[in-house]
Undergrad: 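I'd like to ask some things about the structure below.
Residue numbers start from 1 in every chain, and the chains themselves are labelled A, B, ... in the order their sequence lines are given, proteins ahead of strands.
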Amino acid sequence: MNNKVNEHLKQLIREAVQKSIQDKSFDSKEIPAVILTTPKNPEHGHLSTNIALQLAGFLKINPRQIANLIVQEIDKKNETIIKKIEVAGAGFINIYLKSTVLHQVLNEIMIKGEHFGCSDIGKGERIMIEFVSVNPTGPLHVGHGKCAAVGDALAKILKAAGYKVTTEYYINDHGKQMDILGESVLARYRELLGEEIEFPENGYQGEYIGSLAKDIKEEYQEQFSDKDVLANIQFFKEYARKKILQDIRDDLNTFGVEFDNWFSEESLYISNKVQPVIEQLLKEKYVYRHKGALWLKAAEFGDEKDRVVIRENGEPTYFASDIAYHDDKYKRGFKTLIDIWGADHHGYIKRMKAAIKALGYNPDSFQALLVQFVTLIKEGKIVGMSTRGGKFVTLKNLLEEVGKDVARYFFLMHSHDSHTEFDLDIAKSQSMENPVFYIQYAYARICSIIKKGKLNDIVLDDKIKEEINLELLNKKEELELIKKLANFRKVVEKSAINWKPHMVASYLHELAAEFHKYYTEYKVISEDKNLSGARLYLVHCVKIVLENALSLLGIKAPEKM
RNA sequence: GCGCCUGUAGCUCAAUUAGGAUAGAGCAACGGACUUCUAAUCCGUAGGCUGGGGGUUCGACUCCCUCCGGGCGCGCCA
């Protein structure tokens with residue numbers, strides 16, 4: 001229900017609880033918070049609370065008895081919005097609202113439009129979400145796609161819930177990996193020139209390396225044929241970095257993912273931000289020297305063991321720049337840091353938290369959201385995904401095969417922390433098995449109804465909106481649909497609090513189902529102009545909510561299919 | 001060995017912010033509904049000891065312990 005109604009009822013219940021407890025002189029140090037839920041079963045009313053059951057816990061009294069007392073108190077007040085209030089089951093209190101309260105929801109949706117579903121539970125708190133962040137040594141694959149979808153949707157959901165969100169991509173463009181990248185491309189280039197060379201031991205095997213070499217050869221001919229390898233490698237490294245990074249940006253763009261910031265690891269060194277942080281930790285004695293290297297006392301802060309920050313050879317580790325990077329995030333004013341990582345990085349969480357504690361920040365303000373792996377299924381078989389050999393399905397491939405909307409929905413429809421399957425054949429099929437089309441179809445159907453309304457001179461202009469009689473919406477399916485719509489804001493809030501975008505995806509499917517059911521049962525546009533107007537009003541609200549929910553997931557709402 | 005994730009219908013997954021009412025959808029199976037605003041839809045039937053066992057309580061898919069099965073980690077790699 002709308003927020004005001006909810007708060008009002010909660011207050012009402014709270015007072016009734018206090019009153020009934022006072023009267024019976026129960027000792028109640030702490031009354032639990034009133035929780036109002038919307039029951040799945042329509043027979044359980046529009047709203048329900050389990051407060052009596054919770055009270056029974058520490059009052060040691062029959063919950064139904066308490067519930068009865070509370071209901072009596074509320075009944076005395078003669079609330080205008082309540083149709084019926086009763087005790088049911090083990091001691092639940094079910095509330096039935098007057099239909100005008102439900103209808104009011106539709107007006108709210110109409111007025112708020114694209115903002116319906118937004119709330120301010122985030123209170124403007126600044127959150128940084130960092131995701132994808134793969135080093136520019138190769139193309140994005142399917143696994144990165146899931147991280148991208150989750151991060152992007154989460155950012156949108158948190159924004160809708162009133163947080164001030166910044167998204168960032170951390171470019172790991174410093175260190176050995178980049179050198180190996182340069183060497184790999186150079187090696188392929190020299191092969192193209194007909195030289196017999198040994199491919200670097202840990203070199204990148206993927207085909208894209210060869211194609212980069214080819215590009216260079218076409219553009220620069222044999223300019224780098226001399227044996228001054230060291231001088232050339234710098235060029236190859238830089239060339240490959242730029243090119244691959246650009247490809248990553250392009251892929252993400254087609255995937256509908258845009259970042260507020262791209263933050264380069266190298267830039268931390270250029271602006272000298274790593275060294276001071278290490279020195280600070282050294283001064284505070286959280287870093288010590290051992291076997292020629294510098295170690296962070298990570299074990300002291302909850303990690304399994306201490307970790308090297310500066311190697312024996314004087315080179316900082318990846319961890320060192322990561323500490324500086326996260327320190328920088330806090331210094332930029334973010335209160336909560338969310339890093340979205342692939343599940344294979346979970347071992348890194350304790351280390352990172354230890355560092356954050358050592359820096360003097362609250363370790364709870366940093367959270368790593370682990371995204372479990374996706375298993376790709378093609379023709380009923382698992383598609384192997386070995387990164388090492390350079391054999392993997394790229395995000396680009398996937399997008400070419402199934403398109404942005406389908407890919408995003410498939411990544412988002414299941415909880416990010418359970419490992420799930422991605423069936424390419426279902427994703428590609430334009431059939432009933434495909435939930436994306438099911439949802440989009442609902443939207444397209446509404447557009448079609450609106451079009452038909454126009455042909456019959458039934459249009460929702462301001463005048464009609466004024467005259468509309470929402471009481472005509474009294475069918476069971478209509479009231480269920482309205483209840484579903486009313487729930488949207490709660491769903492967004494919950495999805496934001498739990499950092500679980502899939503909740504919005506599930507909701508979308510449920511809303512679409514509710515609409516399809518209604519659609520087959522009743523005609524919106526009919527001879528009866530008043531009824532048509534009211535129903536058109538209703539489906540227009542469904543359209544708005546479908547659109548809002550889809551946009552939180554970054555999926556298109558097509559007018560025609 | 002230690003750590004993180006996970007086990008729910010034949011298959012793929014849900015289950016409402018610290019436990020709540022009869023554990024829900026989709027697909028597949030079977031039987032129905034198109035002169036209609038798009039049948040990419042809807043209605044019905046069938047399908048479950050929520051991996052096993054114990055515990056906590058008015059009440060457990062949810063919390064605790066234990067065992068079994070699957071995935072992933074445990075570098076002076078990133």
Undergrad: Could you give the distance separating B:rC74 and B:rA9 at their C1' atoms, to the nearest angstrom?
TA: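 Straight-line distance between the two C1' atoms is 37 Å.
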
Undergrad: Can you give me the dot-bracket string for RNA chain B, 5' to 3', counting Watson-Crick and G-U wobble pairs with both distances under 3.5 Å, using [ ] for crossing pairs and | for partners on another strand?
TA: (((((.(..((((......[...)))).(((((.......))))).....(((((..]....)))))).)))))....

Undergrad: Side chain of A:S418 only, please: which of B:rU17, B:rA78, B:rC13 is the nearest?
TA: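 Per side-chain heavy atoms of A:S418, the pick is B:rC13.
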
Undergrad: What is the nucleic acid contact for A:T37, judged by heavy atoms within less than 4.0 Å: base, sugar-phosphate only, or nothing?
TA: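 Nothing, no nucleic acid heavy atom in range.
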
Undergrad: Do the side-chain N or O atoms of A:K517 get closer than 4.0 angstrom to the phosphate oxygens (OP1, OP2) of B:rC43?
TA: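 It does, given that an N or O in the side chain of A:K517 lies less than 4.0 Å from OP1 or OP2 of B:rC43.
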
Undergrad: For B:rA78 and B:rC13, measure between their C1' atoms and round to the nearest Å.
TA: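 Those two atoms are separated by 33 Å.
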
Undergrad: Phosphate oxygens OP1/OP2 of B:rA39: is one of them under 4.0 Å from a side-chain N or O of A:R445?
TA: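 Answer yes for this pair, as a side-chain N or O of A:R445 is under 4.0 Å from OP1 or OP2.
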
Undergrad: Has A:Y519 got a side-chain N or O lying under 4.0 Å from the OP1 or OP2 atom of B:rU36?
TA: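 Checking A:Y519 against B:rU36: no side-chain N or O falls below 4.0 Å of OP1 or OP2.
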
Undergrad: Going by 5.5 Å between centroids and 30° between planes, is there a stack of A:H44 over B:rA21?
TA: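 Yes; by the centre-distance and plane-angle rule, A:H44 counts as stacking on B:rA21.
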
Undergrad: Any side-chain N or O of A:H502 less than 4.0 Å from the OP1 or OP2 oxygen of B:rA25?
TA: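 False: A:H502 side-chain N/O out of range (4.0 Å or more) of B:rA25 OP1/OP2.
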
Undergrad: Based on the glycosidic angle (syn within 90° of 0, else anti), state the conformation of B:rC34.
TA: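 Syn for B:rC34; the angle stays within 90° of 0.
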
Undergrad: Taking only the side-chain heavy atoms of A:E312 (C-beta and beyond), determine which of B:rA78, B:rG20, B:rC76 contains the nearest atom.
TA: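 Shortest atom-to-atom distance from the side chain points to B:rC76.
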
Undergrad: Between A:T137 and A:Q177, does any side-chain donor sit less than 3.5 Å from a side-chain acceptor?
TA: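 A:Q177 and A:T137 do not have a side-chain donor-acceptor pair below 3.5 Å.
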
Undergrad: Please confirm whether the shortest side-chain N or O distance from A:R311 to OP1 or OP2 of B:rC77 is below 4.0 Å.
TA: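 Yes, A:R311 has a side-chain N/O under 4.0 Å of OP1/OP2 on B:rC77.
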
Undergrad: Considering only side-chain heavy atoms of A:L53, which listed nucleotide, B:rC76, B:rA21, B:rG20, is closest?
TA: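 Of the options given, the side chain of A:L53 lies nearest B:rG20.
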
Undergrad: With rounding to the nearest 0.5 Å, note down the distance linking CZ in A:R445 to OG1 in A:T520.
TA: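 Spacing of CZ (A:R445) from OG1 (A:T520) equals 6.5 Å.
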
Undergrad: According to a strict under-4.0 Å criterion, is A:Y438 in side-chain N/O contact with OP1 or OP2 of B:rC42?
TA: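 Answer is yes, contact under 4.0 Å.
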
Undergrad: Give A:A442 one of three labels, base, sugar-phosphate or nothing, depending on what nucleic acid heavy atoms sit under 4.0 Å from its own.
TA: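 A:A442: no heavy atom of the nucleic acid under 4.0 Å.
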
Undergrad: Looking at the base of B:rA14, is there any donor atom on it, or on the side chain of A:S415, that sits under 3.5 Å from an acceptor on the other one?
TA: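 No, no donor-acceptor pair under 3.5 Å.
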
Undergrad: Taking any heavy-atom pair under 4.0 Å as a contact, classify A:H414: base, sugar-phosphate, or nothing.
TA: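 The answer is sugar-phosphate, as A:H414 gets under 4.0 Å only of primed atoms, P, OP1 or OP2.
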
Undergrad: Report yes if the ring of A:H345 lies under 5.5 Å from the six-membered base ring of B:rA78 with planes under 30°, and no otherwise.
TA: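 Yes; centroid distance and tilt both under limits.
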
Undergrad: Counting the atoms with a prime plus P, OP1 and OP2 as sugar-phosphate, which does A:Y522 contact under 4.0 Å by heavy atoms, base, sugar-phosphate, or nothing?
TA: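 Base: the residue A:Y522, judged by heavy atoms under 4.0 Å, touches a nucleobase.
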
Undergrad: With a 6.0 Å cut-off on the ring centroids, do A:F422 and A:F411 count as close?
TA: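 Yes, the ring of A:F422 comes within the 6.0 Å limit of the ring of A:F411, centre to centre.
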
Undergrad: I want to verify the glycosidic state of B:rA18; is it syn or anti under the 90° rule?
TA: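 Here the answer is syn: the torsion falls within 90° of 0.
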
Undergrad: Is it the case that B:rG3 (base atoms only) and A:H346 (side chain only) share a donor and an acceptor within less than 3.5 Å, ignoring hydrogens and angles?
TA: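 Per atom types, the contact qualifies.
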
Undergrad: Can you sort out the partners of A:E514 under salt bridge (Lys or Arg N to Asp or Glu O under 4.0 Å), two or more places apart, ordered by chain and number?
TA: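 Not a single residue meets the salt bridge (Lys or Arg N to Asp or Glu O under 4.0 Å) criterion with A:E514.
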
Undergrad: Less than 4.0 angstrom between a side-chain N/O of A:K305 and OP1 or OP2 of B:rG75, yes or no?
TA: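 Indeed, a polar side-chain atom of A:K305 lies that close.
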
Undergrad: Identify whether any heavy atom of A:A496 sits under 4.0 Å from a base atom; if not, whether one sits that close to sugar-phosphate; answer base, sugar-phosphate or nothing.
TA: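 The answer is nothing, as A:A496 stays clear of every strand by at least 4.0 Å.
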
Undergrad: Would you say the base of B:rA21 stacks on A:F92 (centre-to-centre below 5.5 Å, plane angle below 30°)?
TA: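 Yes; centroid distance and tilt both under limits.
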
Undergrad: Quick check, are the ring centers of A:F366 and A:H326 under 6.0 angstrom apart?
TA: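 Ring centres of A:H326 and A:F366 closer than 6.0 Å.
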
Undergrad: Which comes earlier along RNA chain B counting from the 5' end, the contact point of A:L370 or that of A:V308, where each point is its nearest nucleotide?
TA: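 On the 5' side of the pair lies A:L370.
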
Undergrad: NA contact type, A:T420, heavy-atom cut-off 4.0 Å: base, sugar-phosphate, or nothing?
TA: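 Answer is sugar-phosphate: A:T420 comes under 4.0 Å of backbone atoms only.
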
Undergrad: For a quick check, tell me whether the side chain of A:N94 and the base of B:rA21 share a donor-acceptor pair closer than 3.5 Å.
TA: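 Such a pair exists between side chain and base.
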
Undergrad: What nucleic acid atoms does A:D417 come within less than 4.0 Å of, heavy atoms only: base, sugar-phosphate, or nothing?
TA: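 The answer is sugar-phosphate, as A:D417 gets under 4.0 Å only of primed atoms, P, OP1 or OP2.
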
Undergrad: With a 4.0 Å cutoff (strictly under), does any side-chain N or O of A:S506 reach OP1 or OP2 of B:rG26?
TA: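 Checking A:S506 against B:rG26: no side-chain N or O falls below 4.0 Å of OP1 or OP2.
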
Undergrad: Does A:D344 make a side-chain donor-acceptor contact with the base of B:rG73, cut-off 3.5 Å?
TA: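 Donor-acceptor pair under 3.5 Å: no.
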
